[in-house]
Amino acid sequence: MIGKTFDELNVGDQARFSKTVTDTDIYLFAGVTGDLNPAHIDESYAKGTFFKTRIAHGMLSAGFISAVIGTRLPGPGTVYMHQSLDFLAPVYIGDTVTATVEVIEKLEAKKRVRLKTTCVNQDGVSILSGEALVSPPRPPKAS
């Protein structure tokens, strides 16, 4: 299985992935990463924060972008090289986050691609935005 190669990609190509964030997702992410910030895992602590309740880790939403890049656009075989992120709004338990990746530039010299990366919630509120640089999969070698 191979994703889209450099030559198969066009500026404007897009792909999406949506996921409803659960309490379990937040605890699993905390356990896997070691990020046990009480704003994410302790409701009594979180009640005293600006958000007044627990929120998901920002990098959990960023992980949804990785899912799009690695499985959809460009897809399997892509090498993720760089990501910038601006975190714009919190994600709460029960929010549905949609990550979108869009090709914004093809860099011919090194066969790399710049991608606009965004996440929005079910109400269309921007959760995060950024840009990624990837090396799409190479075409299979003729045998």
Side-chain angles (χ1 to χ4, degrees), residues 1-108 110-141:
M1 182 144 108
I2 188 168
K4 288 187 172 186
T5 64
F6 182 84
D7 291 336
E8 294 172 322
L9 293 166
N10 297 297
V11 171
D13 287 353
Q14 292 186 7
R16 290 178 177 75
F17 170 78
S18 294
K19 168 92 172 75
T20 300
V21 175
T22 67
D23 187 56
T24 301
D25 294 327
I26 293 169
Y27 282 116
L28 287 172
F29 189 87
V32 167
T33 63
D35 182 350
L36 303 175
N37 180 331
H40 306 303
I41 62 171
D42 182 340
E43 185 62 39
S44 61
Y45 174 89
K47 284 181 181 177
T49 69
F50 174 81
F51 301 110
K52 305 297 183 210
T53 190
R54 291 171 45 224
I55 58 171
H57 302 75
M59 293 306 289
L60 176 60
S61 296
F64 301 149
I65 292 168
S66 180
V68 178
I69 290 171
T71 67
R72 299 182 183 185
L73 186 73
T78 299
V79 176
Y80 208 149
M81 303 179 75
H82 174 79
Q83 177 73 58
S84 66
L85 294 169
D86 290 316
F87 296 96
L88 306 171
V91 173
Y92 299 100
I93 297 166
D95 280 354
T96 298
V97 176
T98 299
T100 303
V101 169
E102 179 182 353
V103 176
I104 57 173
E105 184 179 15
K106 293 177 68 175
L107 304 166
E108 185 70 40
K110 292 190 177 183
K111 303 283 190 219
R112 294 184 180 158
V113 178
R114 280 184 49 232
L115 305 168
K116 177 181 175 185
T117 58
T118 58
C119 289
V120 299
N121 70 13
Q122 68 280 354
D123 299 319
V125 174
S126 292
I127 302 303
L128 66 80
S129 67
E131 281 191 14
L133 179 68
V134 301
S135 178
R138 303 287 183 200
K141 293 186 181 195

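Quantities reported herein were computed from a predicted structural model and do not represent experimental measurements.
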Is it true that a side-chain atom of Q83 and a backbone atom of E131 form a donor plus acceptor pair closer than 3.5 Å?
yes
Hey, does P74 have a side-chain heavy atom less than 4.5 Å from the side chain of V113?
no
Any side-chain heavy-atom pair of I65 and V101 under 4.5 Å
yes
Which pair of heavy atoms, one from L85 and one from A62, lies closest together, and at what distance?
CD1-CB, 3.7 Å
Could you state the interatomic distance from NE2 (H82) to CZ (R112), rounded to the nearest 0.5 Å?
12.0 Å
Would you compute the distance between atom NZ of K111 and atom CG of L9 and round it to the nearest 0.5 angstrom?
11.5 Å
Of all heavy-atom pairs between S61 and V91, which one has the smallest distance, and what is that distance?
OG-CG2, 3.4 Å
Derivation of the side chain to side chain contact (heavy atoms under 4.5 Å, CB included) call for F64 and L128
CA-CA 11 Å; F64 301 149; L128 66 80; over 6 Å; no
Quick one: does I55's side chain get under 4.5 Å of Y92's, heavy atoms only?
yes
With side chain to side chain contact (heavy atoms under 4.5 Å, CB included) as the criterion, how do T100 and R16 come out once you've worked through the C-alpha distance, each side chain's angles and the decisive distance to 0.1 Å?
CA-CA 4 Å; T100 303; R16 290 178 177 75; 3.3 Å; yes
So how far is it from H40 NE2 to F51 CZ, rounded to the nearest 0.5 Å?
9.0 Å
Using the side chain to side chain contact (heavy atoms under 4.5 Å, CB included) rule, take I69 and L115 through it: C-alpha gap first, then chi angles, then the decisive distance, then the call.
CA-CA 9 Å; I69 290 171; L115 305 168; 3.9 Å; yes
Do Q122 and T20 have side-chain heavy atoms sitting under 4.5 Å apart?
no
Least distance between heavy atoms, G12 atom then E102 atom:
CA-OE2, 3.9 Å
Distance (rounded to the nearest 0.5 Å) between N121 CG and L88 CG
11.0 Å
For A67 and T71, the nearest pair of non-hydrogen atoms, with its separation, is O-OG1, 2.5 Å
pair V97-L60: side-chain heavy atoms closer than 4.5 Å
no
Determine whether F17 and T98 satisfy the following criterion, side chain to side chain contact (heavy atoms under 4.5 Å, CB included), listing intermediate values before the conclusion.
CA-CA 6 Å; F17 170 78; T98 299; over 6 Å; no
Under 3.5 Å, side chain of T117 to main-chain N/O of G130, donor-acceptor pair present?
yes
K106 (side chain) donor-acceptor with F6 (main chain) under 3.5 angstrom:
yes
CD of E43 to CD1 of I93: how many Å apart, nearest 0.5 Å?
7.0 Å
When rounded to the nearest 0.5 Å, the distance separating CG of D23 from CG of L28 is 9.5 Å
Within a 6.0 Å radius of atom NZ on K116, are there more than 12 heavy atoms belonging to other residues, nucleotides or ligands?
no
Steps toward side chain to side chain donor-acceptor pair (under 3.5 Å) verdict (T118, S129)
CA-CA 4 Å; T118 58; S129 67; over 6 Å; no
Please check: side-chain N/O of D35 versus main-chain N/O of N37, any donor-acceptor pairing under 3.5 Å?
yes
Do any N or O atoms from the side chain of E105 and from the backbone of R114 form a donor-acceptor pair under 3.5 angstrom?
no
Could you pull out the closest heavy-atom pair between A56 and V21, with the gap in Å?
CB-CG1, 4.1 Å
Correct closest heavy-atom pair for T78 and G75 would be OG1-O, 2.6 Å
